[in-house]
Every structure is written in C-alpha cells, then in structure tokens.
Amino acid sequence: MTQIAILYDSSKCVACKGCQVQCKQWNMLPSPLGKNVEEFSSSYQSMPDLNGDTRLIVTYDEAGTAGGVEWAFGRRSCFHCSEPACMAVCTGSAISQLPDGTVMQDKTKCVGCKYCMAACPFGTPQCRDSLGVADKCNLCSDRVAMGREPACVQTCPAGAMTFGPRDEMVAAGKKRVQALKAEGFGKAELYGETEMGGMHVLHVAKFGLEAHGLVRNPSQSDAVSLFDILKPLAGLSVAAVVGGLAVSFVTGIGYEKDELHAEGVTKEEEE
Amino acid sequence: MTRYIQRHSLVARWVHGIVAASCLTLIVTGLVLFIPGVPEALGVATVQLTRDLHRVFAVAFMAVPLIGIAIAPKGFVHFVRNLFSRWDADDRKFMRLFPKYLFSCKRTHMPKQHELKSGQRFIDVVMIGASILIALTGVVLWAGGGSVSAAVFSWSLLLHDVSCIVIVVGLLGHAYLGTGIFQPYRGLWRLMFGNGRVSESDALYHWGYWAEEELASGRNVVEK
C-alpha cells in the first residue's frame, strides 16, 4: 500500500492555529472554556505543550537572522515514525501501524500505563486524564480512509500543509528546501525523511531544526531498546532455574535424613 | 521427648508471611503488563484492576517490613548482624559445595553453619537489595510520567523489571529450599509458616554451630 505523509512548510505557515482548532473540532476534543484558565506562558502558543485533550499545537519560536529576529513557527504533533518507539513498549497492543504508515492509537485497548509517553523521543503521546488513557494524533485515519485529507491539512488557509504519497511529499519538501536556500535561507532543512526510520509528518524547517524546536537525530532511548532483550532474557532465566531445580529434585529422590543429637551421634549408631 | 529450638519469632513469621504473599501477588499482577499479549487477552477492565491491586500490595510490601523493624528493632539488628557477619572457612566451603549438593545431596556432606547459612546470607542481601530497588523505582513509576522526565521514567521501568527478574529467580531458589521441596530441607517450611520451631536433629544438620549454642544455653529450647 502507498505510504502517505503530511508535508508542513514552516516558511508558508502564518500560525493562525486554524489547524489546531480544526483538529479539536474533528476529533471532538475539549478545550478549557474559562477566562484565563491557562497560566500565561509569555508566548502566543495556546497551550504550553500537547496534552491529553490537545493533539496538535502550533509552536512559536524565534530565530535570529541577518535581518533581525523572525518567527520560526512549527507544527507539533505525532510524527508517525516508521519505527515507532511508542508501539515497541505498548503493553496493551493499543498502538499499531497501518499499512500506509499511520501510527494508530486505540483508546479502547489502552490500559493507561504511560510507557508510550516515556518512550517517545518527542514526548508526543499524552495522558487524557478524563479517560485515563493515552491520546495522540491518528493522522485522521477515518478521513483518509474515505479519500479525504486530514482535517488540519484541509483547513490551512496559507497552504502550509500538503498531503499525499510520502515519496511525493519528500520530493516536494526537498524542492522547497532548495528554493529557500536559493533565497538566502541557508539553514533550511527537511525533517523526517530518514529520522526514526522515516516519518510520515515531514517538516520544512526554514531556519534549521533547532530554531523550530525540532529534535536533531531523534532515537529510541537505550532503556527502551533494552526492553527488546529483557523479556526473552527473563523467560530464559526463569526457565533455566526451574529446569535446574527440577533436575535437583529428581536427583534427590530417595534421600533419607539421619537423626542427629547434640552429642553428634546418630540414633542408629546409639542403638 | 524431642527437643525443639524456637528459631523465628512471631513478628518475624508475620512479617515474612505478609511480605511473601505481597511479593507473589506483585509478581502475578506485574506479569500482566510484562508478558506480551496478556493485557490484550484480559481486557482493559481486568488490567486496570490488576494495576490497582499491584499498588495496594506494593504498599504492604514496603510498609510491613518497616513496621516489623519498628516493633522488633533488636530482632532487626540481630538479623542484620548475622547477614553481614564475616565468612569463615566453613562458610566458604558451603558455597563451593552447594552446586554439587543441589544435584547430589545423597553423597555430599555439607560443613557446619552458623545461624544463617552463607548461601542464605548471600541471597538475602541480593534479594533485599533488589526489593529496595524495585520499591524505589516503583514509587517513581507510580508518580507517573508527568512528575519525572521521560528518561527517568524509562530507566526506572527498566530497573524495576530487572530487579523483578532478580527477585523471581532468587525466590524460586528460596522457595525450593525453604518449603522443603529439596529433600534435605524437608519439613523446614514450619519455621516460617508454622510455629517457628526446628527440631534438634534438623537444627544440628542445617545450622550446627548455632544449634549447639542454643542447646547448650537452653534459652530457646522446648521439649515436646
């Protein structure tokens, strides 16, 4: 099946947050309604970060350039990695990968262990406290299955997001990076082509990865990688010990204890 | 008339019993998340229940030994002194011979031992150390991913699982010997799960030096 991807171009993004709102609407995610409910963070970001009720936020960073300080907008959400660390540690098999590359999270199977939150190098899955389960972007798999674009892509007024076959998105992203470099944005990079086995949400980072808050060379933590060997090792260890003790028991069949007394003489010897 | 030595106090037996029951429950409920496919097979509601049970018994596992120390501090000090007492030639010989003893107990004569056998001292230190580690990492995991960094959570989870494996492996040996499945140890389950008394013959066989001291002093000796 054809792999799909979203290409986000930070050079076109105007940070209107339409995508953020549309994601909430399509997925029926709640937002705090009170006045000044969220603590002021001295940023234009609506939420300081993703949370259990927010799968997508627009990030506001600043980049120093020859022309002064410029906005370095970003789109923070699940990157839908080809080698998802969250899926590797999920205990309830709630996280799976569709043939098109979408990393799906099934809330009906989630047991709320939060292992995915710790395993993700981007800190993307969040705990939805009201349900006690993890939550993250599902790439609008329901819309995609009907031949539509993800809600965030459809609503973007600036055309900063496109959606389609992954190889086409990669090609478009590379072409855009070259165009930006030609315009003098020498640090422009495409993010997501090879990271984590290749991601299905690609970023054109106009001012370089760090300026947009993107993690360079993300990888699964060593602790998570060690889990791959820990479980078989545990099974083998227990099996080896049980096997050894079973042999010990068999060799001890017929053992008879001598009756000892304080003088060190056995009852038989006394008689 | 048979002479018995009171080896374990009521406090020791109760603490051991509650910790043992808690430990077994923690292992079973912990394995629900550890073994692939089990959470999916059991369903979310059952898994949530096992997670809640895990936390309840974790509190017992941590709190009961501390309560035992508070109730019987002298007994705790005595236990720790035995645990870290210097090893003599018989202790070292016991450890060297133990693998052979496990697989040919009929033909292996073991050296006399003090109140705690050297093998037991060794495994007790390992298991108590692993228990402390599992408790500390368990508290971190319980606090949750929001309270600590992802790296601390991941490493705590790994160490929690590693210490569980150490405890399970140690427990298998401990139970094999302590419950008397291993033939020379037959009947010793009463020491912790019965009245805490050991017969003169068993005491001399297993803890010769200690038994001779106790029989000579008569302090903890009961005749029935």
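Every chain is numbered from 1, with letters handed out A, B, ... down the list of sequences. Quantities reported herein were computed from a predicted structural model and do not represent experimental measurements.
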So which part of A:Ile253 gets closer than 4.5 Å to some heavy atom of chain B, the side chain, the backbone, both or neither?
-> both
Pairwise distance CG(A:Leu226) to CG(B:Leu157) - rounded to 0.5 angstrom | 11.5 Å
If you take all heavy atoms of B:Ile165 and A:Ala234, which pair is closest and at what distance?
-> CD1-CB, 3.4 Å
Heavy atoms of B:Tyr176 and A:Phe249 approach each other most closely as OH-N, 3.0 Å
Which pair of non-hydrogen atoms, one from B:Phe153 and one from A:Ala118, has the smallest distance, and what is that distance?
-> CD2-CB, 3.2 Å
Rounded to the nearest 0.5 Å, what's the gap from NE2 on A:His261 to CG on B:Leu215? Could you check?
-> 11.0 Å
What part of A:Val247 lies closer than 4.5 angstrom to a heavy atom of chain B: side chain, backbone, both or neither?
-> both
Examine whether an atom of A:Cys110 lies under 4.5 Å from a heavy atom of chain B, and if so say whether it belongs to the side chain, the backbone or both; otherwise answer neither.
-> backbone
Minimal non-hydrogen separation, A:Thr251 against B:Leu102, with atom names = OG1-O, 3.8 Å
With rounding to the nearest 0.5 Å, note down the distance linking OG1 in A:Thr91 to CZ in B:Arg51.
-> 7.5 Å
Closest heavy-atom pair, A:Val224 versus B:Ser154, reported as atoms and distance to 0.1 Å, is CG2-OG, 4.3 Å
When rounded to the nearest 0.5 Å, the distance separating CG of B:Leu177 from OG of A:Ser248 is 8.0 Å
Would you check if the side chain of B:Arg186 reaches a backbone N or O of A:Lys257 as a donor-acceptor pair within less than 3.5 Å?
-> no
